[in-house]
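Just so we're clear, the structure is a prediction, and the values are computed from it rather than from any experiment.
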Amino acid sequence: MKKKRSIIINRAKRWTLVIFVIWACVGFAKLGLKIEPSTVEAWGIGNWAWIGWIEAFFLWCMSIGDFVFICLATALIGFAAADKIGWRRTWISAGIIMGFSAMLETIGTLTSFPFGAYHYTNQFGPLIGGTLPWAIPMAWFIIIVGLHLILSYWFWARNVWSMALIVAALAVMIDWIMEPFAYGVRGYWQWYIGYPPPANYCTWFFASLLLDRASPLPLKTSGGTDWLCETVLIMMLLTFIIGRIAYGV
């Protein structure tokens with residue numbers, strides 16, 4: 001039974017990776033060519049009765065594309081974590097990171113503290129309570145756990161706090177790269193002053209530091225790497241960079 005379960009999980013992991021890479025590459029092309037819903041409609045595919053469904057399919061994929069990307073990335077980081085620390089600690093880490101980040105982000109949108117004054121749109125998939133996209137706590141999980149697992153295998157940290165400090169610093173760097181893409185290109189959220197204030201990056205640092213430290217993640221891992229975390233974070237960064245270059249932000 002255990003062997004059969006392992007086979008099923010490995011197949012699920014392999015197919016999730018394949019779909020993720022294909023989905024990400026299509027996204028790169030879409031961003032690089034600046035293809036928007038209006039672009040697809042201008043092609044006039046919908047005027048051809050027998051293949052008009054193709055336009056509807058393209059538009060549907062574009063409407064859910066970013067959320068699907070995040071869901072696939074979350075699954076891959078979960079698979080990678082389970083391989084290193086087991087499913088129990090993976091679920092605990094997910095609960096801590098996603099639960100606290102969801103609470104913090106909800107407070108932030110309602111009170112403008114501690115990130116600054118901003119609000120989310122419906123461009124990043126379904127919302128929790130009409131306020132917070134489900135994708136946001138998932139993104140926190142991807143970044144914190146993904147960075148930690150990469151560092152725990154490839155680099156050496158003296159203790160858990162030094163590891164958490166490095167993870168937090170890199171998380172802020174990723175957020176800094178992501179921000180102009182997220183609010184300027186995709187419109188996931190809007191800052192009331194037009195750009196992220198310093199408080200946003202300070203909050204990202206301290207929240208990432210505490211969430212990394214609170215999660216049952218190892219200081220050091222061994223046994224090789226399956227490159228899942230590296231692939232996910234590289235694809236995310238390429239998405240931000242290609243989008244920013246294409247749209248000049």
Side-chain angles (χ1 to χ4, degrees), residues 2 5-6 9-10 12-14 16-17 20 69-108 114-115 132-178 200-237 239-240:
K2 187 176 180 180
R5 180 171 175 264
S6 177
I9 290 174
N10 285 332
K13 178 170 62 176
R14 184 166 58 251
T16 302
L17 178 60
F20 174 77
F69 180 89
I70 287 294
C71 289
L72 293 170
T74 302
L76 289 174
I77 296 298
F79 283 131
D83 285 342
K84 294 297 183 182
I85 63 177
W87 283 106
R88 181 176 177 274
R89 288 203 287 173
T90 297
W91 284 113
I92 292 173
S93 298
I96 291 171
I97 295 171
M98 295 176 69
F100 182 82
S101 63
M103 179 181 68
L104 187 65
E105 292 275 7
T106 300
I107 292 172
F115 295 94
L132 178 71
W134 283 96
I136 295 301
M138 294 163 69
W140 279 83
F141 173 77
I142 292 167
I143 292 172
I144 293 174
V145 175
L147 286 172
H148 190 109
L149 292 178
I150 291 172
L151 291 168
S152 68
Y153 179 76
W154 291 107
F155 302 99
W156 179 78
R158 298 185 63 180
N159 53 57
V160 290
W161 281 107
S162 61
M163 171 69 84
L165 283 167
I166 298 171
V167 168
L170 292 175
V172 172
M173 183 189 74
I174 291 176
D175 184 60
W176 179 76
I177 297 172
M178 171 185 66
N200 171 67
Y201 299 112
C202 290
T203 303
W204 257 94
F205 179 82
F206 287 108
S208 299
L209 174 70
L210 296 176
L211 288 175
D212 180 87
R213 185 64 188 88
S215 302
L217 298 170
L219 182 63
K220 190 68 178 174
T221 58
S222 58
T225 179
D226 53 15
W227 295 94
L228 290 182
C229 295
E230 292 86 346
T231 300
V232 168
L233 291 181
I234 288 171
M235 290 295 190
M236 286 185 68
L237 287 171
T239 298
F240 306 149

K.L.:
Mind jotting down which residue pairs meet the ring-ring contact (aromatic ring centres under 6.0 Å, His included) criterion with at least one end in residues 203-228? Sequence neighbours excluded, please.
P.N.:
W140-W204, W154-W227
K.L.:
Can I get a per-line list of side-chain donor-acceptor pairs under 3.5 Å for residues 143-150, giving both atom names and the distance, sequence neighbours left out?
P.N.:
from	atom 1	to	atom 2	distance (Å)
H148	ND1	D212	OD1	2.6
H148	ND1	D212	OD2	3.4
H148	NE2	P218	O	2.6

K.L.:
How close do L76 and K13 get, heavy atom to heavy atom, and via which atoms?
P.N.:
CD2-O, 3.9 Å
K.L.:
Measure the spacing between CZ of F240 and CD1 of I174 and express it to the nearest 0.5 Å.
P.N.:
7.5 Å
K.L.:
Could you give me the CA-CA distance, side-chain angles and deciding distance for L228 and I77, then say whether side chain to side chain contact (heavy atoms under 4.5 Å, CB included) is met?
P.N.:
CA-CA 7 Å; L228 290 182; I77 296 298; over 6 Å; no
K.L.:
Please give me the minimum heavy-atom distance between S215 and S93, naming the atom from each residue.
P.N.:
CB-OG, 3.8 Å
K.L.:
Any idea which heavy atoms bring R89 and I85 closest together, and the distance?
P.N.:
NE-O, 3.4 Å
K.L.:
Residues two or more places apart in sequence or in another chain: which of them pass side-chain contact (heavy atoms from CB on, under 4.5 Å) with P114?
P.N.:
L104, T203
K.L.:
Determine the minimum heavy-atom distance between R158 and L219, stating which atoms define it.
P.N.:
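Closest approach of R158 to L219, heavy atoms only: O-CD2, 4.3 Å.
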K.L.:
At what distance, to the nearest 0.5 angstrom, does CG of L237 lie from CE of M235?
P.N.:
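Those atoms lie 11.5 Å apart.
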K.L.:
Who pairs with R88 by side-chain contact (heavy atoms from CB on, under 4.5 Å), at least two apart in sequence or on another chain?
P.N.:
I92
K.L.:
Quick one: pull up CD1 in I142 and CG in L72 and give me the separation to the nearest 0.5 Å.
P.N.:
9.5 Å
K.L.:
Could you tell me which residues satisfy ring pair (Phe, Tyr, Trp, His ring centres under 6.0 Å) with W161, sequence neighbours excluded, listed by chain and number?
P.N.:
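Here no residue qualifies.
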K.L.:
Quick one: closest heavy-atom pair of L211 and I96, and the distance?
P.N.:
CD2-O, 3.8 Å
K.L.:
Side chains of T239 and F69: closer than 4.5 Å at any heavy-atom pair?
P.N.:
yes
K.L.:
Drop me the distance from L217's CG to S152's OG, to the nearest 0.5 angstrom.
P.N.:
8.0 Å
K.L.:
CD1 of I70 to CE of M138: how many Å apart, nearest 0.5 Å?
P.N.:
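These two atoms lie 6.5 Å from each other.
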K.L.:
Indicate yes or no: at least one non-hydrogen side-chain atom of L233 is less than 4.5 angstrom from one of M236.
P.N.:
yes
K.L.:
Which residues pass the side-chain contact (heavy atoms from CB on, under 4.5 Å) test with I166, sequence neighbours left out?
P.N.:
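In terms of side-chain contact (heavy atoms from CB on, under 4.5 Å), with neighbours along the sequence ignored, I166 is linked to L151, L170.
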K.L.:
Where do K220 and F155 come nearest, in terms of heavy atoms and distance?
P.N.:
NZ-O, 3.4 Å
K.L.:
More than 12 heavy atoms of other residues, nucleotides or ligands under 6.0 Å from CH2 of W176: yes or no?
P.N.:
no
K.L.:
Measuring from D83:CG to T90:OG1, what's the distance to the nearest 0.5 Å?
P.N.:
8.5 Å
K.L.:
A side-chain contact here means heavy atoms from C-beta on lying under 4.5 Å apart; do F79 and W87 qualify?
P.N.:
yes
